[in-house]
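Letters A, B, ... are given to chains in the order of the sequence lines, protein chains preceding strands, and every chain is numbered from 1.
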There are 2 protein chains.
Amino acid sequence: MRKKKKSEFLTEVELEFMTRLWELGEGTVRDVMAKLAPERDLAYTSAATIMRILEQKNFVSSKKEGKTHVYKALLTKDVYQTRFLKDVSEKLFDNTPAALVARLVDDDDLSIEALNEIRTLLEGRMKDANDRNDI
Amino acid sequence: MRKKKKSEFLTEVELEFMTRLWELGEGTVRDVMAKLAPERDLAYTSAATIMRILEQKNFVSSKKEGKTHVYKALLTKDVYQTRFLKDVSEKLFDNTPAALVARLVDDDDLSIEALNEIRTLLEGRMKDANDRNDI
DNA sequence: CAGTTAATACTAAAACTTTCGAAGATCCAA
DNA sequence: TTGGATCTTCGAAAGTTTTAGTATTAACTG
C-alpha cells in the first residue's frame with residue numbers, strides 16, 4: 001500500500017494548462033482551451049476535468065459567473081518556478097544551484113546581453129545579501 | 001485512449017536510483033539499495049524491479065556476474081542534467097534559459113557562497129564569449 | 001414556457017508508477 | 001550433493017495521470 005502523494009508540483013498536463021492561465025490572468029475552460037496549441041485535440045470535458053483537478057489541488061480558484069466558472073491561478077508563475085527549481089537543484093544537482101547554472105550555460109549559448117542581465121541581477125542580489133549580513 | 005509515452009525522463013523513484021548508480025559507477029541491486037537513505041524502507045524485490053525497469057527503458061545496462069546483475073548507467077548524469085534543463089527551460093521558462101538563471105539567483109534562500117560560485121561561473125563564461133567575439 | 005445550447009459533475013477507462021509477494025533459479029558451504 | 005541463502009522473474013495491487021462519455025443543470029431564445 002502506498003501513501004497518498006502530496007501534490008506540490010504540477011503534472012505535465014497541469015503545467016500546460018497553468019501556463020495558459022498564467023498568460024490569461026484569468027479565464028474560463030473555453031479561454032484556456034483556445035490558448036492550447038492548435039494541434040492539441042482535446043475534448044471540452046477533458047479540459048474541464050483538468051481545471052477541476054487544478055482547483056482540487058489548490059493551484060487555482062474559481063468564481064461563478066452565470067453558469068460558467070472563471071478560473072484564476074492561486075500560485076504565481078514566479079513562485080512556482082522558484083519552488084520547482086529548488087526541487088530540481090536538490091534532486092538532480094546535489095543541492096548546488098551553481099552546478100545547475102554551470103550545466104545550463106555550458107549547453108546553451110546565452111547572448112552576451114542575457115549574461116549581462118544575469119550578472120547585474122546577481123550583483124544586486126549579492127549586495128542585498130551582504131547588507132543583511134552587515135547589520 | 002492515450003498514446004504510449006516515450007520515457008525520455010526519469011520518474012521520481014527512477015531518479016533516486018539513478019543518482020545512486022551515478023555515484024557508484026556501477027553496482028548490483030544490493031549496492032544501490034545500500035546507498036539509499038537509511039529511512040528508506042524498501043523490499044529487495046522492489047529495488048530489483050526498479051533496476052529492471054531502468055534497463056527496459058534503456059537508462060542502464062547490466063552484465064551478469066555469477067547469479068547477480070551488475071548495473072551501469074547508459075546515460076551520464078551530465079547528459080541527463082542537460083536534457084532535463086532543456087525541457088524545463090522550454091516548458092516553464094518560455095525557452096529562455098536566462099529567465100531560469102534569473103529566477104534561481106533571485107531566490108532568497110540561496111547562500112552567498114552559491115551566489116559567488118555562480119558569479120565566478122558567469123564571469124568565466126562571459127570572458128569566453130568576449131574572446132570568441134574578438135577573434 | 002418549452003426547446004436548444006452549453007456548462008458542470010460524475011464516472012470510468014487506459015496507461016503509468018510504485019510497491020512487493022510468490023515461485024523458480026543459482027550459488028556456496030558443510 | 002543437498003539445504004539454505006540470495007537472486008531473478010512474473011504478476012498483481014493500489015495510487016496517479018490523462019482522457020472522455022453520460023447525465024444533469026443552467027441560461028438563452030422564440
Trainee: Among C:dT8, C:dA7, C:dT19, which nucleotide sits nearest the side chain of B:V13?
Mentor: C:dT19
Trainee: Can you tell me if B:Y44 touches the phosphate of C:dT19, counting only side-chain N or O atoms and a distance under 4.0 Å to OP1 or OP2?
Mentor: no
Trainee: Residues two or more places apart in sequence or in another chain: which of them pass side chain to side chain contact (heavy atoms under 4.5 Å, CB included) with B:A43?
Mentor: B:T45, B:S46
Trainee: Short of 4.0 Å, heavy atom to strand atom, which residues of residues 50-76 of chain B count as contacting DNA chain D?
Mentor: B:R52, B:K67, B:T68, B:H69
Trainee: Can you identify which nucleotide, out of D:dT18, D:dA20, D:dC7, has its nearest atom closest to the A:T49 side chain?
Mentor: D:dA20
Trainee: Any side-chain N or O of A:T11 less than 4.0 Å from the OP1 or OP2 oxygen of D:dT18?
Mentor: yes
Trainee: From C-beta outward on A:L42, which listed nucleotide comes closest to its side chain: D:dT9, D:dT22, D:dT19?
Mentor: D:dT19
Trainee: Taking the basic N atoms (NZ, or NE/NH1/NH2) and the acidic carboxylate oxygens, is any pair closer than 4.0 Å for B:R103 and B:D106?
Mentor: yes
Trainee: Check each of B:L24, B:V32, B:T28, B:V29 against B:Y71 using the side chain to side chain contact (heavy atoms under 4.5 Å, CB included) test, and report the only one that passes.
Mentor: B:V29
Trainee: Write down the distance between CG (A:D31) and C1' (C:dT8), rounded to a whole number of angstrom.
Mentor: 16 Å
Trainee: Would you classify B:A43 as touching base, sugar-phosphate or nothing, given that sugar-phosphate means primed atoms plus P, OP1 and OP2, and contacts are heavy atoms under 4.0 Å?
Mentor: sugar-phosphate
Trainee: How many Å lie between CD on A:E8 and P on D:dT16, as a whole number?
Mentor: 15 Å
Trainee: May I ask you to check whether over 12 heavy atoms, not counting those of A:E12, lie within 6.0 Å of atom CD?
Mentor: no
Trainee: Measure from CG on A:D41 to C1' on D:dT19 and round the result to the nearest Å.
Mentor: 11 Å
Trainee: Indicate yes or no: does A:D131 engage A:K127 in a salt bridge with an N to O separation below 4.0 Å.
Mentor: yes
Trainee: From the set C:dT17, D:dA20, C:dT19, return the single nucleotide nearest to any side-chain atom of B:R40.
Mentor: C:dT19
Trainee: Between A:E26 and A:K63, is there a salt bridge with N-O shorter than 4.0 Å?
Mentor: yes
Trainee: For D:dT19, does OP1 or OP2 lie under 4.0 Å from any side-chain N or O of A:S46?
Mentor: no
Trainee: Could you tell me how far apart B:M33 (CE) and C:dC20 (C1') are, to the nearest whole angstrom?
Mentor: 11 Å
Trainee: Please determine if B:D94 and A:K77 form a salt bridge, counting it only when a charged side-chain N lies under 4.0 Å from a carboxylate O.
Mentor: yes
Trainee: In terms of side-chain heavy atoms of A:E12, which of D:dG21, D:dT8, D:dT18 is nearest?
Mentor: D:dT18
